[in-house]
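For reference, the structure is listed below as structure tokens.
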Protein chains: 4
Amino acid sequence: MAEIAEKAGVGAGTIYRYFDNKDVLIIQLYQELERDLVATVQEGFPTGKPVRERFLHIGTKLLRYCISHPLYFRYIEQYHNSPYGASLRKDKIMDKSGDQHLFKQLLKEGIAERVVKDLPIFVHFALAFGPVISLARDHVLGLVTLDEELIFKTVEACWDGIKENT
Amino acid sequence: MAEIAEKAGVGAGTIYRYFDNKDVLIIQLYQELERDLVATVQEGFPTGKPVRERFLHIGTKLLRYCISHPLYFRYIEQYHNSPYGASLRKDKIMDKSGDQHLFKQLLKEGIAERVVKDLPIFVHFALAFGPVISLARDHVLGLVTLDEELIFKTVEACWDGIKENT
Amino acid sequence: MAEIAEKAGVGAGTIYRYFDNKDVLIIQLYQELERDLVATVQEGFPTGKPVRERFLHIGTKLLRYCISHPLYFRYIEQYHNSPYGASLRKDKIMDKSGDQHLFKQLLKEGIAERVVKDLPIFVHFALAFGPVISLARDHVLGLVTLDEELIFKTVEACWDGIKENT
Amino acid sequence: MAEIAEKAGVGAGTIYRYFDNKDVLIIQLYQELERDLVATVQEGFPTGKPVRERFLHIGTKLLRYCISHPLYFRYIEQYHNSPYGASLRKDKIMDKSGDQHLFKQLLKEGIAERVVKDLPIFVHFALAFGPVISLARDHVLGLVTLDEELIFKTVEACWDGIKENT
DNA sequence: CATGAATGAGACTTCATTCAT
DNA sequence: GATGAATGAAGTCTCATTCAT
């Protein structure tokens, strides 16, 4: 908290006028970042286009966001991997909000059209976002450098995992 | 440390007879768990069988291990997402040790045989293990319940992501 | 540290706003006391007067300071006899700062005038200050009570040890 | 205590068969060293010879002992400068035992003969041993190197401090 | 409203001592 | 008698939070 106050150029006590305590600050910051992330992913969403195209839009937008906002990405990740984020997950996938809803809708459609495997939503989430998160982390840690081509190929490969083999 | 001592039913100072300090304890515990994990994955490895079969072996063994040892899994995950594990990642993938080596060898072979997409190793790792980790976490948090069938289908889907589309 | 905080009537953590850690506290306190001691010894220094008179000034001022500030004296002594003060000694005698410089200059002059024995500086330090410190300690411990006359006679005797026998 | 046990090649608990506790060990070790020191100083003591000669014997023996047994010397010094040694001092000078007695006898005689200044015993102790201790410390710390000549000159200078100026 | 000095619970660690073997 | 694993009080230090100014 002291460090945050200093970087913010305010007194240590001032933070507590805006956030009840450290936990609240952490949670609110997360929620703000999440809103930003969701908004970015929704930008230019190709409504009405084939399932595959919409999937690729979401995947590439997400991966690009993570690697171009490394601090935000690390924060979101750490949040998810902390006690704070434990309860979060279920709500997120089950709720009808923002990004998640978009993706769930997409899958539902895909399953109905038989272009997507008939698997539980959690499995689809894992197949679609697991690799993206993992790779974004590697990029942020400097273990690999992702260019536009690699981003596209990766998301395409995720699609291959999800899509129904005809 | 106090909590560990209490759960172990020993005095606070006793821990320090076995571990120089907190960091050493954390690191050694991780290394022990990792050895256990690698050993499990290698059990019954179908050497000589097709790439796909070997891939499915590794994937399912890993996923089963994670959900049947939820505490170990959570610990390993947290370790990776902590300052301790920061440097670990690159070494792990680049080194020729244990599990990683097995998997790298598999990919190399798969790429040579043109049954696996020609992508960088980090991308393959992400495609193969990202979903497994993500799903294991969901299972451990109680968000989904994986049975043997779902485990198999998930790893199969990972294979679909990795394999070359003919 | 707990005891210091309590005697200071502050919380345990408050000390660390003023001193980075225990070592810094100990060192800074010493430096402050030393400055005070040196300033006292320099008060009314009879520049230009004979070597003997200047020597007596330093010796008596020092001895008086030690017995009138027993806590300061004990602290300085303990500091010198601790790992902190180990390296201090050589620097002190060799450096050209404060009190030490005054004394070294005095000796040099005395040796040139042949009123002081031609011995290494460390020996002179020992002859001049060894007895003063030893006696101050005795006084502080209540083993002897020094009055103005005894102070003078003692320092005079130190001078007898240092001065050249003609 | 652990370190002592290890260097002694015994178990940690074994020490407590020979010493009730740490304090007792420290005190007994000191007493042993002191006996050794006193015995050394008394070796070849020139009973019946002039006061000056006897004084020089004690002083040089003492100084030589300190610099040739640096560890013993440091231990004795630290002991004196610790809470243990606080009470010790008075007893030592006032008691009629060993070394101290020898020295007190010497002074008494010297004062009677008017070859030694008529000063309290504590002052004489300071004048005689203060410089020796101080210089021994410097030698042990490597700040100065004492040879036989310097040892003699130093003790002679101590004598000059003590002796009556005729 | 903002400040930042003060707080004190709690974290990690050490070490003299004990006691079952 | 000897051992050394276990102990736990006490030490240093951190940091989220408060409150007088």
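Worth saying up front: this structure is predicted, and the values here are computed from it rather than measured. All chains are named by letter (A, B, ...) in the order of the sequence lines, taking the proteins before the strands, and each is independently numbered beginning at 1. All values below come from the heavy atoms of this structure, side chains included, with hydrogens, waters and symmetry mates left out.
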State whether the number of non-hydrogen atoms from other residues, nucleotides or ligands found under 6.0 Å of A/Tyr72 atom OH is greater than 12.
no
Counting only heavy atoms not in D/Gln28 (residues, nucleotides, ligands), do more than 12 fall under 6.0 Å from its CD?
yes
Got a donor-acceptor contact below 3.5 angstrom from the A/Ser68 side chain to the A/Arg64 backbone?
yes
For B/Val38, is there any backbone N or O sitting under 3.5 Å from a side-chain donor or acceptor partner on B/Tyr65?
no
Rounded distance (Å) that lies between atom [atom2] of [N] and atom [atom1] of [X]:
X: D/Ile4; N: E/dA16; atom1: CD1; atom2: P; answer: 8 Å
X: D/Arg17; N: F/dG4; atom1: CZ; atom2: P; answer: 14 Å
X: B/Ile26; N: E/dA11; atom1: CD1; atom2: P; answer: 14 Å

Parallel, tilted or perpendicular, as decided by the 30° and 60° cut-offs, for the rings of D/Tyr79 and D/Tyr30
parallel
Work out which heavy atom in [X] is nearest to a heavy atom in [Y]; give both atom names and the distance.
X: D/Val140; Y: D/Cys66; value: CG2-O, 4.1 Å
X: A/Ile15; Y: A/Leu25; value: CG2-CD1, 3.9 Å
X: C/Tyr16; Y: C/Met1; value: OH-CE, 3.6 Å

Dot-bracket notation for DNA chain E, counting Watson-Crick and G-U pairs under 3.5 Å, with | for partners on another strand
.||||||||||||||||||||
What does the B/S/- profile of nucleotides 12-21 of chain F look like, 5' to 3', with a 4.0 Å heavy-atom cutoff to protein?
SBB-SBB---
N or O in side chain of A/Tyr18 less than 4.0 angstrom from E/dA2 OP1/OP2
yes
Nearest-nucleotide comparison on DNA chain E, the residue closer to the 5′ end among A/Val10 and C/Ile15:
A/Val10
